[in-house]
Amino acid sequence: MADAANPARLPSAPSAASRLPPPSPAALLAWYDRHRRRLPWRAAPGERADPYHVFLSEIMLQQTTVVTVGPYYADFLARWPDVGALAGARLEEVLSRWAGLGYYARARNLHACARAVVERHGGRFPQEEAALLALPGVGPYTAAAIAAIAFDRRAAPVDGNWERVVARLFALEETLPKAKARLKALALTLLPQARFGDFAQAMMDLGATICTPRKPACALCPWRKNCAAHAGGTPERYPLKAAKAARPTRQGIAFLVVRADGAVLVRSRPAKGLLGGMSEVPSTPWETQAPADPLAHAPLAAQWTALNARVSHVFSHFALDLALWRARVPAATPAPAGHRWVPRAGFEAEAFPSVMVKVLQYID
DNA sequence: TATGCGTGGTT
DNA sequence: TAACCAAGCAT
């Protein structure tokens, strides 16, 4: 394509769309006024949303569905009703309440961001996209989303929905993720003169309910007459995506140490990286090959039993296959260095990721 | 620009 | 059932 050889012409629309009338922001806003979804973090029509609500929901919604986020959002808001309360929380508690939601760096950054808002901005979120972008865990999308939705600033929060809608409108032949810059540039050309927050949410609602990844409901789309992909007959083809790498499998052994009173031996993972700061039962490293000498990594000497069960779990970039060994030890057994005993009643307060919830099914 | 980083629902 | 997908960010 000509544009690929000439990056300076980034915002130009591909020729496939050139013969259609341009999409009108007013048409989308009119559709939004009739079909807007009611979501817990949204303000009533015509009102501006609380920046903290927007912030909290946007962080939780990163790569996560609305249905999954719902209960977590309600719990966080009840527990920490404003940014000052969240800033005053302990990280361990934030992680324990985030447990199960995944991408745990978000929880660490959420907490760090709340503290930054208090320390740098006196407890009020900045309104400028650039200042928002400087906050921990706030990237280009989230900065634009807060600016537009909470402050009605002119901004284009280009998420997966926007990318899909824009790629189809222009029948963009470039593949993701390479196409991201061009999609953002094209998205900016769609912005209205006002109602930036409504427009942002309208694009997301359109992508979530009409311009869906599979079987888009083009007949109901306010922009069907402006859409090059629809005109071409294969809207589902867009956005084009680069091939993904295969997902390897790693092996490991998890050690369940159960004290006579029911307490279980637990440790915390390193603060960063996979499941950073989360709680786990001791285990071998998770590697391509199963450990040669299983009990060499056991946290303590005991009468170990290999369980006739395995735990499988899929992470974003590898699948994990865990063997399980269990030992029952006397009530007086001291916890090895770096470990702690957690009674059954203490599980709720622990930051166990989903894979550990699966493992802990086998303590009995 | 590519990779690391979770989870659960859908097809 | 394996693949795909969901309001991305940090490095």
Side-chain angles (χ1 to χ4, degrees), chain A residues 7 37 39-42 49 53-73 95 98-110 112-113 132-146 148-150 155-165 174-181 183-184 187 197 200-209 211-215 236 239 241-250 269-270 272-278 280 286 312-320 351-358:
Chain A
R37 289 185 297 172
L39 299 172
W41 41 87
R42 282 194 175 168
H53 297 179
V54 178
F55 159 68
L56 180 59
S57 63
E58 290 299 343
I59 300 295
M60 288 184 166
L61 287 163
Q62 288 167 10
Q63 299 289 285
T64 307
T65 60
V66 164
V67 171
T68 300
V69 164
Y72 284 86
Y73 176 79
L95 287 175
W98 193 279
L101 199 51
Y103 284 143
Y104 298 101
R106 293 184 296 168
R108 304 194 300 270
N109 286 329
L110 178 86
C113 184
L132 289 161
L133 191 55
L135 295 167
V138 177
Y141 163 76
T142 305
I146 297 173
I149 298 170
V158 178
D159 67 339
N161 290 305
W162 282 63
E163 287 179 348
R164 188 168 56 255
V165 170
E174 201 174 358
T175 58
L176 284 172
K178 204 167 38 178
K180 280 178 178 291
L183 285 168
K184 171 92 181 194
Q201 294 173 97
M203 287 289 278
M204 297 179 204
D205 282 8
L206 187 72
T209 65
C211 196
T212 48
R214 280 166 294 192
K215 302 188 178 185
E236 265 197 47
K241 298 193 176 183
K244 290 179 183 175
R247 180 155 30 213
T249 297
R250 296 185 197 171
R269 293 180 59 88
K272 295 183 179 179
L274 182 70
L275 308 176
M278 303 295 286
E280 66 175 3
W286 302 341
S312 295
H313 190 76
V314 179
F315 292 100
S316 52
H317 56 301
F318 68 93
L320 179 64
F352 288 125
S354 292
V355 62
M356 286 300 139
V357 172
K358 290 182 187 175

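Residue numbers start from 1 in every chain, and the chains themselves are labelled A, B, ... in the order their sequence lines are given, proteins ahead of strands.
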Euclidean distance for C1', dT1(B) against dT11(C) (whole angstrom) = 12 Å
Indicate, with a heavy-atom threshold strictly under 4.0 Å, whether I59(A) touches base, sugar-phosphate, or nothing.
-> nothing
Not counting sequence neighbours, which residues clear salt bridge (Lys or Arg N to Asp or Glu O under 4.0 Å) with E163(A)? List them please.
-> K180(A)
Base, sugar-phosphate, or nothing: which does L133(A) touch, judged by heavy atoms less than 4.0 Å apart?
-> nothing
Salt bridge (Lys or Arg N to Asp or Glu O under 4.0 Å) partners for R37(A), two or more places apart | D205(A)
Roughly how far, to the nearest 0.5 Å, is SG of C113(A) from CD1 of I59(A)?
-> 6.5 Å
Hey, which of these two, Q62(A) or R247(A), hits DNA chain C nearer its 5' end, going by closest nucleotide?
-> R247(A)
For T64(A) and L101(A) the tightest heavy-atom approach is CG2-CD1, 3.9 Å
4.5 Å side-chain heavy-atom contact, N161(A) and R164(A) = yes
Heavy-atom side-chain proximity of L132(A) to F55(A) below 4.5 angstrom = no
Interface with DNA chain C, restricted to residues 63-72 of chain A and to heavy atoms under 4.0 Å | Q63(A), T65(A), V66(A)
Could you check if a side-chain atom of F318(A) sits within less than 4.5 angstrom of a side-chain atom of L274(A), using non-hydrogen atoms only?
-> yes
Base, sugar-phosphate, or nothing: which does P140(A) touch, judged by heavy atoms less than 4.0 Å apart?
-> sugar-phosphate
Are L133(A) and P140(A) close enough that some pair of their side-chain heavy atoms sits under 4.5 Å apart?
-> yes
With sequence neighbours left out, what residues match W286(A) under side chain to side chain donor-acceptor pair (under 3.5 Å)?
-> S283(A)
Does the pair F315(A) and H317(A) meet the rule for a ring-ring contact (aromatic ring centres under 6.0 Å, His included), with working shown?
-> CA-CA 6 Å; F315(A) 292 100; H317(A) 56 301; 7.4 Å; no
So what does W98(A) touch, heavy atoms closer than 4.0 Å: a base, only the sugar-phosphate, or nothing?
-> nothing
Could you tell me whether T142(A) contacts a base, only the sugar-phosphate backbone, or nothing, with contacts defined as non-hydrogen atoms closer than 4.0 Å?
-> sugar-phosphate
For DNA chain C, note the earliest and the latest nucleotide, 5' to 3', having some atom under 4.0 Å of a heavy atom belonging to chain A.
-> dC5(C) to dA10(C)
In terms of the nearest nucleotide of DNA chain B, which residue is placed more toward the 5' end: F318(A) or K358(A)?
-> F318(A)
Which two nucleotides bound the region of DNA chain B that has atoms under 4.0 Å from heavy atoms of chain A, read 5' to 3'?
-> dT1(B) to dT11(B)
Integer angstrom distance from the P of dA7(C) to that of dT3(B) | 23 Å
Could you measure between the two P atoms, the one in dC5(B) and the one in dA6(C), and give it in whole Å?
-> 23 Å
So, do E58(A) and Y141(A) sit near enough that their side-chain heavy atoms are less than 4.5 Å apart?
-> yes
Indicate, with a heavy-atom threshold strictly under 4.0 Å, whether R164(A) touches base, sugar-phosphate, or nothing.
-> sugar-phosphate
NA contact type, G100(A), heavy-atom cut-off 4.0 Å: base, sugar-phosphate, or nothing?
-> sugar-phosphate
Between K272(A) and R214(A), which has a closest nucleotide on DNA chain C that is more 5'?
-> R214(A)
Mark yes or no for whether R214(A), through its side chain, and E236(A), through its backbone, hold a donor-acceptor pair below 3.5 Å.
-> no
